[in-house]
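Note sheet for the following structure.
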Number of protein chains: 2
Amino acid sequence: MSADPTPARRSRRGTGAVTLHEVARIAGVAPITASRALNTPDQVSEEVRKKVQDAIAKTGYVPNRLAGSLASSRSKLVAAVVPTIAGPVFLETIQSLTEALAEKGYQLMLGQSGYADSREDALLDAIIGRRPDGIVLTGIMHSEQGRQRLKAAGIPVVETWDLTPSPIDMLVGFSHEQVGRAAVAYFKARGRTKLAVVSGDDERAARRTQGVVAAARSAHLPAVTVMNVPAPTTLRSGREALSELLSSRKDFDAVFCSSDLLALGVVTEARSRRIPVPEQLSVMGFGDLDFAADVLPSLTTVRVDGTAIGRKAAQFIVDRAEGRAVKDRVVDIGFEIIERQSA
Amino acid sequence: MSADPTPARRSRRGTGAVTLHEVARIAGVAPITASRALNTPDQVSEEVRKKVQDAIAKTGYVPNRLAGSLASSRSKLVAAVVPTIAGPVFLETIQSLTEALAEKGYQLMLGQSGYADSREDALLDAIIGRRPDGIVLTGIMHSEQGRQRLKAAGIPVVETWDLTPSPIDMLVGFSHEQVGRAAVAYFKARGRTKLAVVSGDDERAARRTQGVVAAARSAHLPAVTVMNVPAPTTLRSGREALSELLSSRKDFDAVFCSSDLLALGVVTEARSRRIPVPEQLSVMGFGDLDFAADVLPSLTTVRVDGTAIGRKAAQFIVDRAEGRAVKDRVVDIGFEIIERQSA
DNA sequence: TTGAAAGCGCTAACAA
DNA sequence: TTGTTAGCGCTTTCAA
């Protein structure tokens, strides 16, 4: 209830929001002291802490992190790039990444690159311009230009969901090629040798397909029939793919699908044609989405611990941001084939 | 190729990144002129534009948007809050929101509030602190404290996926209660009167359930059997719910599910028990997820145009940020029952 | 069309 | 433990 004649007067700039300056003035301390009361409370006396708390409560002050970030060169912002958020595959990773970061006081910025590489460049600029403390890529960065920019920016980068011999910086993923090989071994061990693949046309799925083809060849199995469908994959494209596969009159007794949704589509189409799964046709998916265990027949699939990927990526970046050395900068998270009814 | 003896010397602060200052120096203009060449190229001569472009290309300059935002009070950042990114429901909205914003040069920040309200407060602070140009909430903000903070922050807010008579600011959604009522009308018109509901325990699903219960009552139908399952909903919880429903010995010939995943679970469990759908049991889902049309039997479901919600929200916020007046601040996007095989 | 000066709100560095 | 000073890198304001 002061008699201040101009209670809300502001200079011509700014938003009119409460600033640390005002909090400090009300608390009767210097701005930097108020700053310390907030950020490094141990460096400040009990008394000061209390006064500042009160002033904050009274004013509803919310620190302007743009200013803080600019001054300290630490934004507490992490960018994640996904092809599209709509594909269910990376969701677990994004979720655990967001959570793990939030726990440490970091916020996530989301960028969608699309499955085409075209927008990636503009996206990269938008991201780098915010000076995030880290960038998490789903997949690896291929364009040499992109790699250069990221390196030049000096921002910690984690590539995920893939392996490469030459990561930009840090990496947590697994070998898609090995997934394909493991699938072939699985089928072969169960007497299935006439293999088909239904695959999304994104790059990682394509490498799983290559793994299947290569492994089949070295095991002297018949040539693998490959059917590509556009990414992101859907149940429908799985159904259509099986239809086409059947009408192609190729012979096959097992199908490896590049996603669980495709696998469910294949299983569904098989059911509508009264083709018994797995008796006549074995089907394997990829992803172990939450429905995989509970559909009929339940889906045999490849499980990748997307949550662990997100957590590990968060840890990598936070460690770096807090100045800790990161020693093992490449983590192979592996995968696992979950045996269920469909294969 | 200057003979500068200390080519990369920096002051003790800063990151060492190229600044506009440097670009300007190389281009031989004042920093503000370089700034204009970037942001308002019309205000600058062709010659200057060219020199600045060259300097940028030579240095790999990426503007620091933290600094820009601080100076201009416009962050070009929009925050989105979802309960969890893992539920498929909001994905479409987030995707179209991200895209529509990216087109206008805005970036999305993602926050997960969890289905419990506890973390919402900390999240709100983290968000407001970044001074986004807008905040998109999935669902409406209930806590009076949260509403106050958002209003106090003076940031444009769009609540989505719901209706309320008292929005904080802008809103694009639909009535969940009406969805429930429409489902009852649909069932009734097809001779189904003994209704059951399987519902996630989140608040919007609960209101759909209330709609069903209320409509059944006013239509003098038998009491609705309600089964709640924890959110986020899964195919498995749908299967379990039908099991419980059956063992409860209640009589019902139609089930309204609060998500397509639940509906698929109910259908799956029915199949495993040889209960014919829809002959003996009608099943309706919610969401029209991409698999709904292609499973067997295909799912009758409630379709909400999540993409439109995201687009509209983006438009609301961009309009506000660019200083345009927004007239109709509440949009009811409606919904639609898609008739398919399951009901 | 171009520029000089003065901040935006905060924190690093140094000093007391 | 607290404070002073000087920026962080950009854009607004005002002037030429």
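Chain identifiers are assigned alphabetically (A, B, ...) following the order of the sequence lines, protein sequences preceding nucleic acid strands; residue numbering begins at 1 within each chain.
The two atoms that bring B:Tyr106 and B:Val78 nearest to each other are CD2-CG2, 4.0 Å, heavy atoms only.
Salt bridge A:Glu46/A:Arg49: present, at least one basic N to carboxylate O contact under 4.0 Å. Of the charged side-chain nitrogens involved, at least one lies within less than 4.0 Å of a carboxylate oxygen, so that B:Glu144 and B:Arg147 count as a salt-bridged pair.
More than 12 heavy-atom neighbours from other residues, nucleotides or ligands sit within 6.0 angstrom of NZ on A:Lys151. When the shell of 6.0 Å around CZ of B:Arg130 is examined, it contains more than 12 heavy atoms from other residues, nucleotides or ligands. Taking a 6.0 Å sphere around CD of B:Glu322, one finds it holds more than 12 heavy atoms contributed by other residues, nucleotides or ligands.
Between B:Ser72 and C:dC8 there is no side-chain N or O to OP1 or OP2 distance below 4.0 Å.
Taking atom CD on B:Glu22 and atom P on D:dG9, their separation rounds to 10 Å, with Å as the unit. Atom CZ in A:Arg131 sits roughly 21 Å away from atom P in C:dC10 (whole-Å rounding). D:dC10 atom C1' lies 15 Å from atom CZ of B:Arg74, rounded to whole Å. If you measure from atom CD1 of A:Ile128 to atom C1' of D:dG9, you get 17 Å, rounded to the nearest angstrom.
DNA chain C is contacted by B:Leu70 of residues 58-70 of chain B, taking any non-hydrogen atom closer than 4.0 Å. Taken residue by residue, residues 23-39 of chain A places heavy atoms nearer than 4.0 Å to DNA chain D at A:Val29, A:Ala30, A:Ile32, A:Thr33, A:Arg36.
With values rounded to the nearest 0.5 angstrom, B:Gln95 atom CD is found 12.0 Å from B:Leu108 atom CG.
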Give the table of side-chain donor-acceptor pairs shorter than 3.5 Å for residues 308-319 of chain B, with sequence neighbours excluded, one pair per line with atom names and distance.
| unit_1 | atom_1 | unit_2 | atom_2 | d |
| --- | --- | --- | --- | --- |
| B:Asp319 | OD1 | B:Arg324 | NE | 3.0 |
| B:Asp319 | OD1 | B:Arg324 | NH2 | 2.9 |

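Minimum atom distance to the side chain of A:Val44 is reached by D:dT2, of the listed D:dT11, C:dC10, D:dT2.
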